[in-house]
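Remember, it's 1-based here, ligands and their atoms both numbered in the order they're listed. These numbers come from the heavy atoms of this one structure, side chains and all, not from hydrogens, waters or symmetry mates.
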Amino acid sequence: MAAKTDNFQSPDYFNVDDLLTEEHKLIRESVRSYVKKEISPIIEDYAQRAEFPTQIIKQLGDLGCFGPTVPEQYGGGGLDYISYGIMMQELERGDSGVRSTASVQGSLVMFPIYQYGNEAQRNKYLPKLASGEWLGCFGLTEPNHGSDPAGMLTNFKDNGDETVTLNGAKMWISNAPFSEIAVVWAKDDAGDIRGIIVERQMKGFSTPTTHNKWSLRASATGELVFDNVIVPKENIFPNVKGLKGPLGCLTKARYGIAWGAIGAAMDCYHIALEYSKERVQFGRPIGGFQLQQKKLAEMVTEITKAQLLNWRLGTLMNEGKVTPAQVSMAKRNACEVATNICRDARQMLGGMGITGEYPIMRHMMNLESVITYEGTHDIHLLITGMDITGLNAFK
Ligand code: TGC
Ligand code: FAD
């Protein structure tokens with residue numbers, strides 16, 4: 001089947017572009033052009049084959065999508081959070097798995113190395129991760145500890161020399177099968193959660209691939225298995241202890257998802273709008289029927305509200321004033337909006353909506369992971385509930 005031309009333009013019903021700088025718009029254009037040239041033509045086939053397009057690792061590095069907010073001296077982009085959000089929006093417009101690759105690398109691997117690591121760790125890992133020479137992954141979730149990571153069992157014991165011995169297992173880890181390094185959260189002898197960098201070649205470390213996913217098929221997911229892995233103590237992050245370490249990374253990554261999921265929604269809206277003007281039934285374009293207009297009008301309304309929410313969230317991030325609960329609200333809202341828009345868009349395309357000729361069904365299936373990972377929809381609702389009532393529903 002011949003590849004369809006990707007003529008995506010993002011909706012801008014409330015002139016949100018006026019709030020962006022010229023640099024923001026240039027970044028958007030460059031990532032959008034990349035997605036049109038390198039992602040749209042290939043991604044459906046990779047998703048159908050459940051294969052990770054490994055060539056994107058270097059491409060995303062070259063484009064500056066890995067660690068855009070990390071300072072330039074470590075290979076990052078030194079950019080602001082609106083720039084980062086725009087990148088995630090455009091990447092997820094192509095495919096959530098592509099955005100996932102960049103989110104994990106930037107927010108969950110490079111951010112903790114930069115924020116919690118020492119100078120030697122920063123210099124050793126960040127430039128190679130920024131350029132895409134190395135891919136990293138983030139291991140928090142375990143088979144029996146997903147929403148409640150505080151109960152994790154993975155642990156390391158002090159060997160009394162310059163090393164520790166790591167044991168345990170993580171599951172559902174994005175990028176794991178292709179990662180050179182893993183940022184792993186594990187308990188030390190005192191029972192404190194610590195971050196430790198595990199390298200692929202370390203003996204006893206393996207990353208079995210997770211198969212049979214119906215979602216994020218073009219993203220590689222795997223387990224991290226640690227069987228008496230000897231890790232140098234110099235790989236432990238010196239500057240953080242406790243669950244606030246991984247949760248601090250998640251605040252950055254959830255912020256990216258708030259923008260990213262709206263990118264997927266924009267793609268579905270754009271396609272449904274175009275289709276509704278071309279598809280003729282009962283002698284006229286289906287876009288002329290009130291029921292279809294209702295769907296389109298509601299889609300663009302929700303996208304516009306989310307765009308404004310994301311922009312404001314980005315300014316709060318830039319000013320260092322954001323709260324994790326605000327990020328939770330935006331992540332939850334974006335996932336809900338995007339999921340609903342994908343479903344409505346799919347219906348608007350009738351039978352064509354279920355085919356790979358259009359990206360809608362792929363986005364829809366991807367979003368079932370996005371609404372679950374980085375904190376489920378219900379967990380984010382409870383975070384908002386706790387924030388507004390002061391009462392903790394988790395404990
Ligand atoms: P709790 O006692 O509330 O908090 C422990 C400490 O952490 C602090 N904290 C945060 N810090 C920074 N950012 C946040 N978002 C934070 N949330 C909490 C908190 O202040 C406290 O600090 P301190 O100094 O007092 O120690 O912790 P809890 O055990 O009661 O758990 C709270 C809960 C349920 C909200 C948390 O566990 C949670 O968010 N669970 C969801 C787990 C999750 O999101 N997992 C994601 C795994 S990674 C992933 O999915 C990557 S997918 C990537 C991709 O492919 O794109
Ligand atoms: P559970 O925690 O078992 O939750 C099951 C259900 O119970 C959910 O609906 C949940 O909302 C609900 N629930 C749980 N607790 C409560 C409560 N207190 N009140 C009400 N309802 C509750 N993790 C990583 O560490 N790194 C990664 O790179 C990563 N990538 C992922 C990629 C994919 C494709 C997927 C699907 C997951 C990934 N995850 C990753 C794991 C992800 O973060 C977890 O799946 C998620 O946090 C939920 O954990 P769980 O699947 O164990 O569900």
**OP:** Report the residue from Asn159, Asn228, Asp227 that forms a side-chain hydrogen bond (donor to acceptor under 3.5 Å, both in side chains) with Thr165.
**Re:** Asn159

Original post:
With distance as the sole criterion, is a donor-acceptor pair present between the side chains of Thr221 and Thr210 under 3.5 Å?
Top reply: no

Original post:
Are any of the heavy atoms in Arg99 under 4.0 Å away from ligand 1?
Top reply: yes

Original post:
Considering only heavy atoms, does Trp172 approach ligand 1 within less than 4.0 Å through its side chain, its backbone, both, or neither?
Top reply: neither

Subject >> For atom 9 (N) of ligand 1, the protein heavy atom that lies nearest, with its residue and separation >> reply: Leu247 CD1, 3.7 Å

**OP:** Just need the protein heavy atom nearest to atom 40 (N) of ligand 1, so name the residue and atom and give the distance.
**Re:** Ser147 O, 2.9 Å

Subject >> Proximal atoms of ligand 1 relative to Phe138 (non-hydrogen, under 4.0 Å) >> reply: 48 (S)

Original post:
Do Gly375 and ligand 1 have an N or O pair less than 3.5 Å apart?
Top reply: yes

Subject >> Heavy-atom nearest neighbour in the protein, as seen from atom 55 (O) of ligand 1, with distance rounded to 0.1 Å >> reply: Ser100 OG, 2.6 Å

Original post:
Does the side chain of Ser10 come under 3.5 Å of the side chain of Arg93 through a donor N or O and an acceptor N or O?
Top reply: no

Original post:
Tell me, which protein residue and heavy-atom name are nearest atom 35 (C) of ligand 1, and how many Å apart are they?
Top reply: Ile383 CD1, 3.6 Å

Original post:
Hey, is atom 3 (O) of ligand 1 under 4.0 Å from any protein heavy atom?
Top reply: no

Subject >> Among Lys213, Arg343, Arg362, the one residue meeting salt bridge (Lys or Arg N to Asp or Glu O under 4.0 Å) with Glu368 >> reply: Arg343

Original post:
Just checking, any donor-acceptor pair under 3.5 angstrom between side chains of Thr315 and Arg312?
Top reply: yes

Subject >> Close-contact set for ligand 1 against Ala150 heavy atoms, below 4.0 Å >> reply: 29 (O)

Original post:
At a 4.0 Å threshold, what atoms of ligand 1 neighbour a non-hydrogen atom of Pro324?
Top reply: 13 (N), 14 (C), 15 (N)

Original post:
Applying a strict 4.0 Å limit to heavy atoms, is Ala253 in contact with ligand 1?
Top reply: no

**OP:** Specify side chain, backbone, both or neither for Leu108, according to which of its non-hydrogen atoms lie closer than 4.0 Å to ligand 1.
**Re:** side chain

Original post:
Can you get from Phe52 to Val109 by hopping between Ile, Leu, Val, Met, Phe, Trp and Tyr side chains that sit under 4.5 Å apart?
Top reply: yes

Original post:
Contact between Pro149 and ligand 1, counting heavy atoms under 4.0 Å?
Top reply: yes

**OP:** Specify whether the nearest protein heavy atom to atom 43 (C) of ligand 1 is under 4.0 angstrom away.
**Re:** yes

Original post:
Counting only heavy atoms, which portion of Asn392 has something under 4.0 Å from ligand 1: side chain, backbone, both, or neither?
Top reply: neither

Original post:
Quick one: are Met202 and Pro232 in side-chain contact, heavy atoms under 4.5 Å?
Top reply: yes

Subject >> Straight-line distance of Ile262 CD1 to Gln307 CD, nearest 0.5 Å >> reply: 8.0 Å

Original post:
Just which atoms of ligand 1 are under 4.0 Å from any heavy atom in Gly248?
Top reply: 12 (C), 13 (N)

Subject >> His380, Gln105, Lys395: member with heavy atom nearest to atom 30 (O) of ligand 1 >> reply: Lys395

Original post:
Does atom 32 (C) of ligand 1 have any protein heavy atom closer than 4.0 Å?
Top reply: no

Subject >> Minimum heavy-atom distance between Ile173 and Leu140, given as atom pair plus value >> reply: CD1-N, 4.3 Å

Original post:
Minimum heavy-atom separation for Ala261 to Leu367, with atom names?
Top reply: CB-CD2, 4.1 Å

Original post:
Could any protein non-hydrogen atom be found less than 4.0 Å from atom 18 (C) of ligand 1?
Top reply: yes

**OP:** Considering only non-hydrogen protein atoms, determine which one is nearest to atom 49 (C) of ligand 1 and report residue, atom name and distance to 0.1 Å.
**Re:** Glu374 N, 3.7 Å

Original post:
Are Trp259 and Val322 connected, step by step, through hydrophobic side chains (Ile, Leu, Val, Met, Phe, Trp, Tyr) whose heavy atoms are closer than 4.5 Å?
Top reply: yes

Original post:
Is it the side chain (CB and beyond), the backbone, both or neither of Thr251 that lies under 4.0 Å from ligand 1, heavy atoms counted?
Top reply: side chain

**OP:** Record the part of Val370 in heavy-atom contact with ligand 1 below 4.0 Å; permitted values are side chain, backbone, both and neither.
**Re:** neither

**OP:** Please verify whether a non-hydrogen atom of Ser96 lies at under 4.0 Å from ligand 1.
**Re:** no

Original post:
Hey, mind stepping through Phe66 and Leu129 against side-chain contact (heavy atoms from CB on, under 4.5 Å) and telling me if it holds?
Top reply: CA-CA 7 Å; Phe66 288 156; Leu129 292 162; over 6 Å; no

Subject >> Thr5 side chain to Asn7 side chain, donor-acceptor N/O pair below 3.5 angstrom >> reply: no

Original post:
Tell me: protein heavy atom nearest atom 24 (O) of ligand 1, and distance?
Top reply: Lys244 CD, 3.6 Å

**OP:** Could you find the nearest protein heavy atom to atom 47 (C) of ligand 1 and give me its residue, atom name and distance?
**Re:** Thr141 OG1, 3.5 Å

**OP:** Indicate whether the side chain of Asp80 and that of Ser83 have a donor and an acceptor atom separated by less than 3.5 Å.
**Re:** yes

Subject >> Path from Leu20 to Leu308 over hydrophobic side-chain contacts below 4.5 Å >> reply: yes

Original post:
What closest approach, in Å, do Asp158 and Lys233 show between heavy atoms, and which atom pair accounts for it?
Top reply: OD1-NZ, 3.0 Å

Original post:
Should Ser103 be counted as touching ligand 1, given the test is an N or O pair under 3.5 Å?
Top reply: no

Original post:
Does a donor on one side chain sit under 3.5 Å from an acceptor on the other, for Glu119 and Tyr74?
Top reply: yes

Original post:
So which protein heavy atom does atom 39 (O) of ligand 1 come closest to, and at what separation?
Top reply: Arg254 NH2, 3.0 Å

Subject >> Structural part of Ile257 in contact with ligand 1, heavy atom criterion under 4.0 angstrom >> reply: neither

Subject >> Same apolar cluster (I L V M F W Y, side chains within < 4.5 Å links), Val183/Val198 >> reply: no

**OP:** For atom 27 (O) of ligand 1, decide whether some protein heavy-atom distance is shorter than 4.0 Å.
**Re:** yes

Subject >> Lys NZ or Arg CZ of Arg194 over Phe156 ring: under 6.0 Å, within 45° >> reply: no

Original post:
At under 4.0 Å between heavy atoms, which part of Tyr373 makes contact with ligand 1: side chain, backbone, both or neither?
Top reply: both

Original post:
Does a donor on one side chain sit under 3.5 Å from an acceptor on the other, for Ser107 and Tyr84?
Top reply: yes

Give a table of atom pairs where an N or O of ligand 2 lies under 3.5 Å from a protein N or O.
{"residue": "ligand 2", "atom": "2 (O)", "partner": "Ser147", "partner atom": "N", "Å": "2.9"}
{"residue": "ligand 2", "atom": "2 (O)", "partner": "Ser147", "partner atom": "OG", "Å": "2.6"}
{"residue": "ligand 2", "atom": "11 (O)", "partner": "Thr376", "partner atom": "OG1", "Å": "2.6"}
{"residue": "ligand 2", "atom": "23 (N)", "partner": "Thr141", "partner atom": "OG1", "Å": "2.7"}
{"residue": "ligand 2", "atom": "25 (O)", "partner": "Leu140", "partner atom": "N", "Å": "3.0"}
{"residue": "ligand 2", "atom": "25 (O)", "partner": "Thr141", "partner atom": "N", "Å": "2.9"}
{"residue": "ligand 2", "atom": "25 (O)", "partner": "Thr141", "partner atom": "OG1", "Å": "3.1"}
{"residue": "ligand 2", "atom": "26 (N)", "partner": "Phe138", "partner atom": "O", "Å": "2.9"}
{"residue": "ligand 2", "atom": "28 (O)", "partner": "Ser174", "partner atom": "N", "Å": "2.9"}
{"residue": "ligand 2", "atom": "30 (N)", "partner": "Trp172", "partner atom": "O", "Å": "2.6"}
{"residue": "ligand 2", "atom": "30 (N)", "partner": "Ser174", "partner atom": "OG", "Å": "3.0"}
{"residue": "ligand 2", "atom": "39 (N)", "partner": "Trp172", "partner atom": "O", "Å": "3.1"}

Original post:
Should the proximity of Ser174 to ligand 1, defined as any heavy atom under 4.0 Å, be assigned to the side chain, the backbone, both, or neither?
Top reply: side chain

Original post:
So, is the end of the Arg122 side chain (NZ or CZ) under 6.0 Å from the ring centre of Tyr114 and within 45° of the ring's axis?
Top reply: yes

**OP:** With heavy atoms of Val104 as the reference, note each atom of ligand 1 found under 4.0 Å away.
**Re:** 53 (C), 54 (C), 55 (O)

Original post:
Is it true that Leu63 and Leu135 fall in one hydrophobic cluster, defined by side-chain heavy atoms closer than 4.5 Å?
Top reply: yes

